[in-house]
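Computed from a predicted model, the values in this text were never measured in an experiment. Counting convention: from 1, in listed order, for ligands and their atoms alike.
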Amino acid sequence: MANTRNVSRFWEWGRKIICVGRNYADHAKELKNAIPTEPVLFLKPPSAYVREGSPILVPLYSSNLHHEVELGVVIGKGGTAIPQADAMEHVAGYALCLDMTARDVQDECKSKGLPWTLAKAFNTSCPVSDFIPKESIPDPGNVKLWLKVNDQLRQSGCTSQMIFSIPYLISYISDFITLEEGDLILTGTPKGVSAVQEHDELQAGIEDVVTMSFRVDRQEQ
Ligand SMILES: O=C([O-])CC(=O)C(=O)O
Ligand SMILES: [Mg+2]
């Protein structure tokens with residue numbers, strides 16, 4: 001069994017954040033991306049974490065910062081080439097996460113064939129909830145996620161819509177990138193992504209499990 005106690009403050013561990021993109025067909029379509037035939041991966045550094053009480057900062061170089069609500073999977077036991085059948089033994093728990101994305105920068109990177117680093121990995125690009133012990137989400141393949149901006153519902157989806165399941169993702173990622181205790185996997189966002197502005201209030205939740213809220217500020221010059 002994974003040791004859930006150790007990683008309950010996983011954001012302080014300095015471990016990697018592995019993000020899966022285009023894992024919901026409805027979101028891939030809204031951004032006019034093809035439905036992937038294998039997982040699309042990118043990384044955020046641990047400096048991207050932000051916790052409730054601190055604001056999400058719009059980077060100086062972006063004028064189109066988007067929210068993406070996602071289920072995060074916290075790794076409790078590391079491994080390489082983890083078989084799908086064993087994958088859930090490596091999970092300590094979950095977190096509600098936002099994959100904040102400078103969409104204008106990402107669009108430019110995409111058109112130039114450049115990596116998404118400044119679009120996805122800037123400071124405060126990964127707001128996270130408290131740690132959610134594994135037992136609190138018995139079926140991570142069927143949880144409802146939602147996000148509101150200033151009390152207006154923008155995203156509402158269910159992890160049952162994921163193209164690649166959590167066990168598949170853990171197995172796939174660990175073939176190439178060794179997973180370590182305290183790593184976080186962001187499993188992709190459902191449709192409804194949209195822009196946020198300075199002074200907006202974001203509220204997000206996993207139905208019946210957790211809610212969190214963040215204020216948006218502009219980064220100081
Ligand atoms: O930027 C994107 O659209 C890819 C992504 O992170 C997601 O689908 O969650
Ligand atoms: Mg995302």
Verify the ring-centre separation between Tyr49 and Phe10: is it less than 6.0 angstrom?
yes

Please state which part of Leu31 comes within less than 4.0 Å of ligand 1, counting heavy atoms only: side chain, backbone, both or neither.
side chain

Starting from the Mg ion (ligand 2), look over the N/O/S atoms of Glu68 and name the nearest one.
OE1

Please determine whether a side-chain nitrogen of the Lys or Arg among Glu68 and Arg103 lies less than 4.0 Å from a carboxylate oxygen of the Asp or Glu.
yes

Return yes or no for this condition: an N or O of Asn33 is under 3.5 Å from an N or O of ligand 1.
no

Hey, what's the angle at the Mg ion (ligand 2) spanning OD2 (Asp99) and OE2 (Glu70), nearest 10 degrees?
110°

Atom 8 (O) of ligand 1: which protein heavy atom is closest, and how many Å away?
Arg22 N, 2.7 Å

For His27, take its heavy atoms, then give the atoms of ligand 1 lying under 4.0 Å from any of them.
2 (C), 3 (O), 7 (C), 8 (O)

Location of contacts on Glu30 toward ligand 1, heavy atoms closer than 4.0 Å:
neither

Looking at Arg103, which atoms of ligand 1 are within less than 4.0 Å of one of its heavy atoms?
1 (O), 2 (C), 3 (O)

If we set the cut-off at 4.0 Å for heavy atoms, which region of Asp99 has an atom near ligand 1: side chain, backbone, both, or neither?
side chain

Using a 4.0 Å heavy-atom threshold (strictly under), name the region of Tyr24 that reaches ligand 1: side chain, backbone, both or neither.
neither

Considering only heavy atoms of Lys120, which atoms of ligand 1 have at least one such atom less than 4.0 Å away?
1 (O), 2 (C), 4 (C), 5 (C), 6 (O)

Hey, are Lys120 and Asp99 close enough for a salt bridge, meaning a charged N less than 4.0 Å from a carboxylate O?
yes

Roughly how far, to the nearest 0.5 Å, is CD of Gln219 from OG1 of Thr124?
8.0 Å

